[in-house]
Amino acid sequence: MTDVVMRAEDVHKRFGRLEVLKGVSLDVAKGETICIIGPSGSGKTTFIRCINHREKIDSGRITVNGRLIGYRLRPDATLVEDSEKSIAHQRTQIGMVFQRFNLFPHKTALENVMEAPVHVLRRSKEQAAEEGVKLLTRVGLADKTDTYPGKLSGGQQQRVAIARSLAMRPALILFDEPTSALDPEVTGEVLAVMEELAHEGMTMIVVTHEMGFAREAADRVVMMDDGVIIEEGTPEHFFLAPEQERTKQFLSKIL
Amino acid sequence: MLAAVDWHVVWVRIAHPNHVFFLALTRTVYIAVIAQVMGVVLGVAAALMRMSKAWPLRFLSGIYVWIFRGTPLLVQIFFIYYGANQLLGFTLIPNTLNAGLFSLDGAVVGGILALGINEGAYMREIVRAGIDSIDKGQMEAAKSLGMRYGLAMRRIILPQAARVIIPPLGNEFNNMIKNTSLLFAIGVYEIFADAEIGYSNSFQPVEYFLGVAFWYLVLTTVWTFIQAAIERKLAASERGEDLTFFERVQAAWNPMTAWARR
């Protein structure tokens with residue numbers, strides 16, 4: 001159990017009167033790729049947003065590399081929200097790739113990748129640039145280093161976004177429906193990069209509807225519905241013999 | 001009627017201004033520039049306060065805008081120049097401000113303060129609208145990369161908001177150039193004061209006020225060209241044009257092309 005990167009225990013989250021997460025527990029081991037599937041409104045995006053404390057949780061706890069995310073444990077065993085500084089520091093360990101890429105439009109591809117290493121981790125510009133070029137090469141964009149996001153296709157932008165989170169050398173990368181905003185013909189190039197990452201041993205939690213990707217790259221698939229995990233198992237389990245009626249229903253719709 | 005106008009005087013005021021006028025013109029320009037810079041700084045600060053989680057800051061920002069947009073600029077100028085020292089109990093506005101090589105008359109200092117503080121109240125809304133126009137995903141992405149609020153604002157949000165802010169900021173500066181004329185009332189020798197004094201010595205209102213109107217028009221027109229060039233340069237990177245450094249300089253310094261493409 002020493003190599004658990006992310007552990008969520010009985011996480012609850014509500015928006016006003018709506019309870020979105022009703023007790024989610026999940027362990028993710030180092031090097032594992034987890035795909036979270038489920039209908040919209042099932043809480044999967046909210047769940048991964050809680051992992052880097054983009055959403056506060058109401059109860060339960062989340063740890064990354066053994067450290068509580070977003071909260072400190074008081075001596076009297078109650079939890080109190082952590083300082084902005086320490087939350088920011090924890091986020092350097094947790095990469096995030098968004099549905100809508102969210103690249104910085106006023107910076108070139110390389111500047112996007114260099115931004116946080118230089119200004120958050122205080123690495124030298126030369127080192128960050130060198131590493132940035134390597135990362136962009138790795139995602140197949142060696143020739144686009146000086147291009148602004150506005151001139152890149154969706155698939156290229158998303159690959160820059162992946163390089164941008166890799167530049168922080170995170171312990172874990174969260175993907176929030178990374179291909180949902182893409183044209184079908186460029187989905188493949190992004191999934192290929194993600195598959196390669198998964199095979200290289202990056203720890204990844206991917207919210208996705210791409211069952212092809214789940215089959216190729218996931219170690220485990222997690223099915224969420226109505227704020228809870230209703231089934232989890234290997235991709236084979238899901239494709240060959242899902243147990244829950246709800247899972248069968250959902251899979252029959254998206255496959 | 002026109003025969004009564006001494007066109008020679010108008011011509012001299014326009015084409016052959018004397019040394020004193022040029023000093024006044026310089027003063028008009030630097031007062032406008034410094035006050036505008038001050039207004040932008042105050043506007044950004046007030047906008048950030050307005051968006052703060054702490055209610056006292058929001059409240060303070062609200063009071064500031066309420067007062068300075070709700071009272072006449074001329075009243076503010078008199079109040080600050082004549083009243084600030086008395087109100088604060090120390091000398092904020094000296095008779096003469098000596099800063100190394102330069103020395104500024106107290107009225108200039110007071111005038112700049114009043115124009116700048118007034119401008120900040122107007123800039124707040126412009127800055128806030130600019131920040132609001134930036135996609136929420138930008139702050140999300142910045143924070144997910146471990147940036148704190150201040151760093152994300154400075155590196156990611158404000159540079160993008162600047163593009164939205166610059167067109168209305170240009171209009172504000174146009175107003176600022178013209179508003180400097182109010183400072184003649186507290187004894188600042190700028191171009192309107194120069195004209196006003198010329199007029200009272202000669203009783204030739206058309207000649208002197210036409211002359212000074214011309215020079216305001218020159219200032220605002222020059223500014224229009226500069227603004228167009230800045231906007232064009234910003235638009236180029238927004239469209240993702242990969243301009244070379246030389247092309248950027250050319251675009252920024254060729255007002256005629258900027259003008260033509262608007």
Side-chain angles (χ1 to χ4, degrees), chain A residues 48-49 51-55 83-109 111-122 144-152 157 160-161 164-170 173-176 181, chain B residues 44 48-49 51-54 57 127 130-167 169 230-249 251-252:
Chain A
I48 67 165
R49 285 171 58 83
I51 298 174
N52 70 349
H53 200 60
R54 293 301 309 145
E55 302 288 352
S83 68
E84 194 214 359
K85 186 177 175 183
S86 107
I87 292 169
H89 180 72
Q90 288 177 326
R91 288 197 186 116
T92 61
Q93 286 296 298
I94 307 169
M96 179 102 189
V97 174
F98 301 89
Q99 186 176 353
R100 304 233 25 110
F101 333 130
N102 295 348
L103 290 182
F104 306 135
H106 59 308
K107 295 182 183 294
T108 64
E111 286 167 352
N112 264 277
V113 177
M114 290 168 60
E115 180 65 22
V118 171
H119 293 279
V120 177
L121 302 179
R122 305 238 162 253
K144 301 289 185 193
T145 50
D146 297 327
T147 308
Y148 285 91
K151 286 272 167 166
L152 294 173
Q157 289 190 53
V160 174
R164 180 173 69 173
S165 49
L166 286 173
M168 300 298 282
R169 300 176 195 154
I173 303 185
L174 311 169
F175 293 81
D176 182 9
Chain B
V44 171
L48 293 177
M49 282 165 69
M51 296 185 301
S52 161
K53 279 182 200 155
L57 294 181
V127 172
I131 292 174
D132 274 350
S133 74
I134 304 305
D135 184 69
K136 297 289 165 278
Q138 293 292 309
M139 186 53 103
E140 289 257 298
K143 287 204 163 178
S144 295
L145 287 165
M147 292 193 190
R148 296 176 66 179
Y149 178 81
L151 183 65
M153 264 295 162
R154 193 156 51 80
R155 299 279 317 166
I156 307 300
I157 308 296
L158 288 176
Q160 293 183 60
R163 281 183 198 153
V164 184
I165 292 169
I166 276 174
L169 170 63
I230 295 172
E231 281 174 29
R232 191 182 133 60
K233 188 182 161 184
L234 285 173
S237 64
E238 196 166 13
R239 285 194 302 271
E241 278 175 19
D242 299 326
L243 295 181
T244 63
F245 178 73
F246 179 70
E247 284 167 333
R248 278 176 199 283
V249 173

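Letters A, B, ... are given to chains in the order of the sequence lines, protein chains preceding strands, and every chain is numbered from 1.
Neither the backbone nor the side chain of A:Leu174 comes within less than 4.5 Å of any heavy atom of chain B. Heavy atoms closer than 4.5 Å to chain B are found in the side chain of A:Phe98, but not in its backbone. Interface residue A:Lys85: backbone and side-chain heavy atoms are both found under 4.5 Å from chain B.
With contacts defined as side-chain heavy-atom distances shorter than 4.5 Å, the pair B:Pro159/A:Lys107 does not qualify.
Remark: A:Thr92 OG1 to B:Met147 CE distance equals 12.0 Å, nearest 0.5 Å. Taking CD1 of A:Ile87 as the start and NZ of B:Lys143 as the end, the distance is 8.5 Å to the nearest 0.5 Å. Distance check: B:Ile156 CD1 to A:His106 NE2 gives 4.5 Å after rounding to the nearest 0.5 Å.
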**Request:** Take A:His119 and B:Leu151 through the test side-chain contact (heavy atoms from CB on, under 4.5 Å) and record every step on the way to the result.
**Result:** CA-CA 8 Å; A:His119 293 279; B:Leu151 183 65; 4.2 Å; yes

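B:Lys136 NZ: more than 12 foreign heavy atoms inside a 6.0 Å radius. The number of heavy atoms from other shown groups lying within 6.0 Å of CZ (B:Arg148) is above 12.
Side-chain atoms of A:Asn102 come within 3.5 Å of backbone atoms of B:Gly137 as a donor-acceptor pair (strictly under, hydrogens ignored).
Smallest separation of non-hydrogen atoms from B:Gln138 and A:Phe104: OE1-CD2, 3.1 Å.
The existence of a salt bridge linking A:Glu111 and B:Arg155 is excluded, since no basic side-chain nitrogen approaches an acidic carboxylate oxygen closer than 4.0 Å.
Looking only at heavy-atom pairs under 4.5 Å with chain B, the residue among A:Met168, A:His89, A:Arg164 that has the most is A:Arg164. The choice from A:Thr108, A:Leu103, A:Leu121, A:Ile94 that makes the most heavy-atom pairs within less than 4.5 Å of chain B is A:Leu103.
For the pairing with B:Ser144, the side chain to side chain contact (heavy atoms under 4.5 Å, CB included) check across A:Arg54, A:His53, A:Arg49 returns one residue only, A:Arg54.
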